[in-house]
Student: 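My questions will all concern the structure given below.
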Amino acid sequence: MIPLAKPVIGPREEELVLEVLRSGQLSLGPRVPAFEEAFAARIGAPLASAVSSGTTGLHLALRAVGVGEGDEVVTSPFSFVASANAVLYERARPVFADIDPVTLNLDPEAARAAVTDRTTALLPVHIFGFPADLESFESFGLPIVEDACEALGAVHRDGVAVGGRGHPAVFGFYANKQLTTGEGGMVTLADAAMKERIDSERNQGRAPDMGWLDHDRLGFNYRLSDIACALGIAQLEHMDELLAARARVAGWYAEALADIEGLGIPLAEHGGDRRGWFVYVVQVPRGGPARDDVVVALRERGVQSKPYLPAIHLMSFYRERFGHREGEFPVCEDVAARSLALPFFPEMTQSQVEQVAEGLKAVLAGP
Ligand SMILES: Cc1ncc(COP(=O)(O)O)c(C=O)c1O
């Protein structure tokens, strides 16, 4: 079976993690600032705060820009559910707007139409590692939190790396990501006071100069361990090769799938924006076999695939809580119903890509 994803863990990862294990300092140690500094340097961001996941990073970043109870945050319905959930943690409301059919990111015009006098922030998602149109969102004059969980390696048209524009931008390090620490996340940002707040709130509200028992604000345990940070430092050391390997696999896919009529394939670049390759998601042709049947038929051919991503507003929790219905965001719903993630990882071979492509062609051609 060709798996969907597979992390690359080498001898350097083992060496740095072992060093931490032998040091005896497994958490709140020197690897945390070391990883933060290395990550910020990679993105070209002034600062970074390591956190326990992309989700917890989103939560703290939303709090840091001032999102609170009763506020509205305009965001994309075509995302992993965590981006909208993080808004709910603060008793604010995620307000969805439709997506652009080419980039699959939040459409700035639709987002503008969704802004009300209760909107306190925008939460664009760089979906599948493709840069969201930050220039347009910046023109709204509202605070922005970027969900960059899938977007390490992505670059905006002006040459700035995703995460390097100064807004808090949140990366995720789950095992299928470009960089993994098993579980983990990072918030890149430019504002030192915001970093201080995030660093305090990830650590139970403790200020840097406080004793253990005196905490002056509400906090959480959203820390990332030194073990995880050591893994992240090692991954960063070979990030160029890891990203290049993903881009190479994507190139093989583009070639192998080019002649399937009606198949939506992901763009490496559009209008100067460059994708940081995370997943390889296609949209099955309209009028052909249903996407879920394609998943089953591919499995029978030894290929793992998955429906990815479902529209958030149509998930049962969001339907029940907010009364969302089909037809609200037609572009998102059409794309979500046809989206299929194919196996994609740095060590994937060209012959595996061809096997997947042949399987997909045969399945789409029908019985
Ligand atoms: C777009 C997006 N947002 C948020 C998250 C949440 O990150 P984590 O799983 O690290 O909490 C993910 C991770 O899968 C994601 O893909």
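Each ligand, and each atom within it, is numbered from 1 in the order the structure gives. We count residues from 1, following the sequence as given.
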Student: The criterion is side-chain hydrogen bond (donor to acceptor under 3.5 Å, both in side chains); which residues satisfy it with T120, sequence neighbours excluded?
Tutor: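 By the side-chain hydrogen bond (donor to acceptor under 3.5 Å, both in side chains) rule, T120 matches D71.
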Student: Applying side-chain hydrogen bond (donor to acceptor under 3.5 Å, both in side chains) as the test, list every pair that has at least one member in residues 127-142; sequence neighbours left out.
Tutor: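 Every pair satisfying side-chain hydrogen bond (donor to acceptor under 3.5 Å, both in side chains) with a residue in residues 127-142: R112-S139, D133-S136, E138-R165, E138-H167.
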Student: Where do I43 and A161 come nearest, in terms of heavy atoms and distance?
Tutor: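 Taking I43 first and A161 second, the nearest heavy atoms are O-CB, 3.4 Å.
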Student: Give a yes-or-no answer on whether the side chains of E90 and H59 include a donor-acceptor pair shorter than 3.5 Å.
Tutor: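 Side chains of E90 and H59: pair found under 3.5 Å.
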Student: What residues, two or more places apart in sequence or in another chain, satisfy salt bridge (charged side-chain N to carboxylate O under 4.0 Å, His left out) together with E15?
Tutor: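 Once residues adjacent in sequence are excluded, the partners of E15 under the salt bridge (charged side-chain N to carboxylate O under 4.0 Å, His left out) criterion are R12.
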Student: I need the contact residues for ligand 1: any residue with a non-hydrogen atom closer than 4.0 Å to the ligand, ordered by chain then number.
Tutor: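 Only S53, G54, T55, L58, S79, F80, A82, V125, D147, C149, E150, K177, G184 have heavy atoms that fall under 4.0 Å of ligand 1, ordered by chain and number.
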Student: Give me the one residue out of R223, R206, R63, K195 that meets salt bridge (charged side-chain N to carboxylate O under 4.0 Å, His left out) with E201.
Tutor: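 Testing E201 for a salt bridge (charged side-chain N to carboxylate O under 4.0 Å, His left out) against R223, R206, R63, K195 leaves exactly one candidate, R63.
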